[in-house]
Amino acid sequence: MNRRQFISRTSAAGFAVAAPMILPVRLFGASAPSNKITLGFIGMGGQGIQKNLITFLGIEDAKVVAVCDAFIRKTENAQSIVNEHYGNTDCKGYQDFRYILNDPAIDAVVISTPDHWHVPMSLMALETGKDVFCEKPTLSINEGRVLADAFAKTDKLFQAGLEDRSTVHFHKMVEWVKNGAIGDLEQVIVHMPGGNDHALQAPIDPPEDLDWNLWQGPAPYHPFTKSRTGGGHWRHISMYSKGAITDMGAHLIDTAQIGVNDPDVCPIEVSGTGQIPVGRMSDVPISYDLTYKYGNGVEMKVKNGSMGGWDPEACYLEFKGSKGWIRRQGWTGGLEASDRKILRTRYAPNESKHFPLPKSEHHEFIDCFKSRKRPTYPALDLHDLSTTCLMGVHAIELGRKLRWDPKKEQFINDKEANALRFRPPARDWEKGT
């Protein structure tokens with residue numbers, strides 16, 4: 001639906017927004033008395049608050065004016081944090097995110113929801129004329145292409161909430177690789193944490209402060225269960241996420257793929273093994289051992305280290321070349337190389353074959369809002385990264401090697417694999433059915 005239809009439908013449903021107290025910056029121009037960029041936040045869990053909200057509150061040119069979560073208690077918590085920061089009671093709090101999308105006082109939205117909402121909510125925000133900062137990854141390959149195409153047709157910004165491209169250690173690793181410090185790149189090794197195996201639970205009534213219909217949104221309906229929405233359990237349920245490969249892979253595989261530097265970006269083949277629990281709440285790969293091959297001849301091996309979810313020490317990234325190697329052990333570990341001279345190598349800006357180290361994703365989003373320049377991590381890049389991660393998930397699901405055509409963006413001679421590029425038809429969540 002277009003923007004006019006969206007506003008009409010939400011207003012008719014009782015979602016009309018009161019006259020704004022803060023006018024958006026786009027109405028004023030460079031001579032505005034206030035150049036604050038107004039932000040509305042959707043999804044106030046751990047990432048939404050600790051990473052995104054807290055960081056944006058510290059950016060002078062940004063102004064948080066509204067927060068929202070399907071859990072009212074999370075909305076209220078975020079609202080208190082914002083009001084305490086600004087020393088007032090101006091921050092609006094909602095349970096239904098459509099209030100934020102339909103509010104003309106808001107310039108941009110920050111989406112920190114579970115994965116199944118990332119693309120649908122970003123597209124809805126685009127339809128209402130807002131720039132978007134959204135967490136990663138996409139839930140399916142096809143919806144990533146839809147997202148990239150939609151933003152490419154407009155002047156609106158999409159910035160993925162992923163910090164690795166602005167992390168100096170990962171940036172330097174890629175720069176050395178691209179500039180030939182280890183010779184011709186031959187192989188990349190990526191180790192990440194495995195997933196969690198969660199047991200089935202009996203349905204119960206949702207908490208009184210939760211709008212279960214909105215939390216599920218376009219996902220297939222499922223009765224509420226005790227830990228379904230908490231503790232990261234949703235990351236191991238395929239209707240909401242695809243597990244550790246897409247979660248942690250959105251970090252380390254991104255850096256690896258930038259270093260591979262293939263003209264077609266995505267690999268042409270993936271094979272491997274993994275464990276998907278049967279008869280459990282978890283129904284995504286919780287262990288994995290994958291081998292990707294790129295069109296330029298580079299091989300990438302991706303496997304889990306420890307099991308049980310987030311473990312910073314289980315993260316490992318190594319680039320192997322014809323003349324040496326570079327690696328990083330642990331999420332915050334230092335850099336090692338076959339020759340320490342590599343670690344001391346520096347390149348002038350006009351000599352480096354890698355893009356300059358960008359600001360953090362939050363600061364860059366605000367700068368790009370003002371300059372209207374392309375961010376370091378746009379929708380197309382998120383799509384390419386998610387495609388690579390999801391290829392591995394589908395290879396494990398089908399139990400066979402998959403070949404990929406990066407230009408056509410489809411699996412070669414594999415009808416079953418190509419069907420997995422699409423998510424199930426969206427539930428009519430607006431009617432609650």
Side-chain angles (χ1 to χ4, degrees), residues 20-26 28 30 32-69 71 73-94 97 100 103 105-113 118 121-122 125 130-136 156-171 250-251 254 310 312 331-332 356-378 382:
M21 296 177 62
I22 301 173
L23 294 177
V25 66
R26 61 180 176 271
F28 293 98
S34 171
N35 63 352
K36 301 287 186 182
I37 296 155
T38 53
L39 303 176
F41 283 69
I42 305 171
M44 305 314 306
Q47 184 75 3
I49 289 182
Q50 299 302 323
K51 183 67 175 180
N52 294 333
L53 180 63
I54 297 302
T55 304
F56 275 114
L57 282 174
I59 299 177
E60 184 177 359
D61 291 339
K63 176 73 173 180
V64 180
V65 300
V67 294
C68 173
D69 197 282
F71 281 95
R73 58 181 167 80
K74 293 184 178 181
T75 294
E76 292 173 345
N77 178 46
Q79 196 175 16
S80 297
I81 292 171
V82 175
N83 286 336
E84 182 178 354
H85 177 83
Y86 292 130
N88 56 39
T89 58
D90 293 344
C91 182
K92 301 173 184 178
Y94 303 117
F97 70 92
I100 286 180
D103 189 342
I106 295 174
D107 293 313
V109 296
V110 179
I111 300 170
S112 310
T113 63
H118 289 169
M121 204 172 281
S122 294
K130 291 177 172 33
D131 290 328
V132 175
F133 179 103
C134 183
E135 283 298 322
K136 44 70 187 170
K156 295 302 174 183
L157 298 174
F158 180 95
Q159 164 81 357
L162 207 155
E163 65 270 22
D164 300 69
R165 295 189 180 185
S166 58
T167 300
V168 65
H169 290 75
F170 292 134
H171 185 272
H251 294 277
D254 179 59
W310 170 244
W331 191 253
T332 58
L357 180 69
K359 290 184 177 181
S360 71
E361 68 274 25
H362 306 90
H363 288 84
E364 186 185 45
F365 181 68
I366 297 302
D367 286 350
C368 288
F369 183 98
K370 294 185 292 184
S371 68
R372 308 314 297 175
K373 292 182 179 179
R374 181 183 185 271
T376 301
Y377 211 111
L382 177 62

Passing option when Ile37 is tested against Ile366, Ile106, Ile59 for side-chain contact (heavy atoms from CB on, under 4.5 Å) | Ile366

[atom2] on [Y] to [atom1] on [X], rounded to 0.5 Å:
X: Leu162; Y: Lys136; atom1: CG; atom2: NZ; result: 6.0 Å
X: Asp164; Y: Phe170; atom1: CG; atom2: CZ; result: 5.5 Å
X: Gln159; Y: Leu382; atom1: CD; atom2: CG; result: 10.0 Å
X: Ile49; Y: Ile81; atom1: CD1; atom2: CD1; result: 4.5 Å

Side chain [X], main chain [Y], donor-acceptor under 3.5 Å:
X: Tyr86; Y: Val64; result: yes
X: His169; Y: Thr332; result: no
X: Lys51; Y: Gly161; result: no
X: Thr38; Y: Asp107; result: yes
X: Thr75; Y: Gly93; result: no
X: His85; Y: Leu57; result: yes
X: Ser166; Y: Glu163; result: yes
X: Asp69; Y: Met44; result: yes

Between Asn52 and Ser112, does a side chain to side chain donor-acceptor pair (under 3.5 Å) hold up when you go through it step by step?
-> CA-CA 8 Å; Asn52 294 333; Ser112 310; 2.9 Å; yes

Centroid separation His362 to Phe133 less than 6.0 Å = yes

Which heavy atom of [X] sits nearest to which heavy atom of [Y], and what is that distance?
X: Cys134; Y: Val132; value: CB-CG1, 3.9 Å
X: His118; Y: Glu135; value: ND1-O, 3.2 Å
X: Gly40; Y: Ile100; value: CA-CG2, 4.1 Å
X: Asn83; Y: Asn88; value: CB-O, 2.9 Å
X: Gln79; Y: Cys91; value: NE2-O, 2.8 Å
X: Ala62; Y: Leu39; value: CB-CD1, 3.9 Å

Dump the intermediate steps for side chain to side chain donor-acceptor pair (under 3.5 Å) on Glu364 and Thr376, then the final yes or no.
-> CA-CA 8 Å; Glu364 186 185 45; Thr376 301; 2.4 Å; yes

Pair Asp131 + Arg372: basic N to acidic O under 4.0 Å = yes

Should Asp254 and Arg165 count as an ion pair when the cut-off is N to O under 4.0 Å?
-> yes

Quick one: do Trp331 and His251 satisfy side chain to side chain contact (heavy atoms under 4.5 Å, CB included)? Show the steps, please.
-> CA-CA 10 Å; Trp331 191 253; His251 294 277; 3.4 Å; yes

Check whether more than 12 heavy atoms from other residues, nucleotides or ligands sit under 6.0 Å from atom NZ of Lys370, and answer yes or no.
-> yes

Heavy atoms of other groups near Glu84 CD, more than 12 under 6.0 Å | no

What do the steps show when you test Met121 against Phe97 for side chain to side chain contact (heavy atoms under 4.5 Å, CB included), and what is the final call?
-> CA-CA 9 Å; Met121 204 172 281; Phe97 70 92; 3.9 Å; yes

Apply side chain to side chain contact (heavy atoms under 4.5 Å, CB included) to Lys373 and Leu157, showing your working.
-> CA-CA 8 Å; Lys373 292 182 179 179; Leu157 298 174; over 6 Å; no

Can you label the angle between the Phe56 ring and the Phe41 ring as parallel, tilted or perpendicular, going by 30° and 60°?
-> perpendicular

Between Val110 and Ile42, is a side chain to side chain contact (heavy atoms under 4.5 Å, CB included) present by the stated rule, with each step listed?
-> CA-CA 6 Å; Val110 179; Ile42 305 171; over 6 Å; no

Check: Lys92 and Tyr94 side chains under 4.5 Å, non-hydrogen atoms = yes

Check the pair Lys359 / Asp367 against salt bridge (Lys or Arg N to Asp or Glu O under 4.0 Å), numbers first and verdict last.
-> CA-CA 9 Å; Lys359 290 184 177 181; Asp367 286 350; 2.6 Å; yes

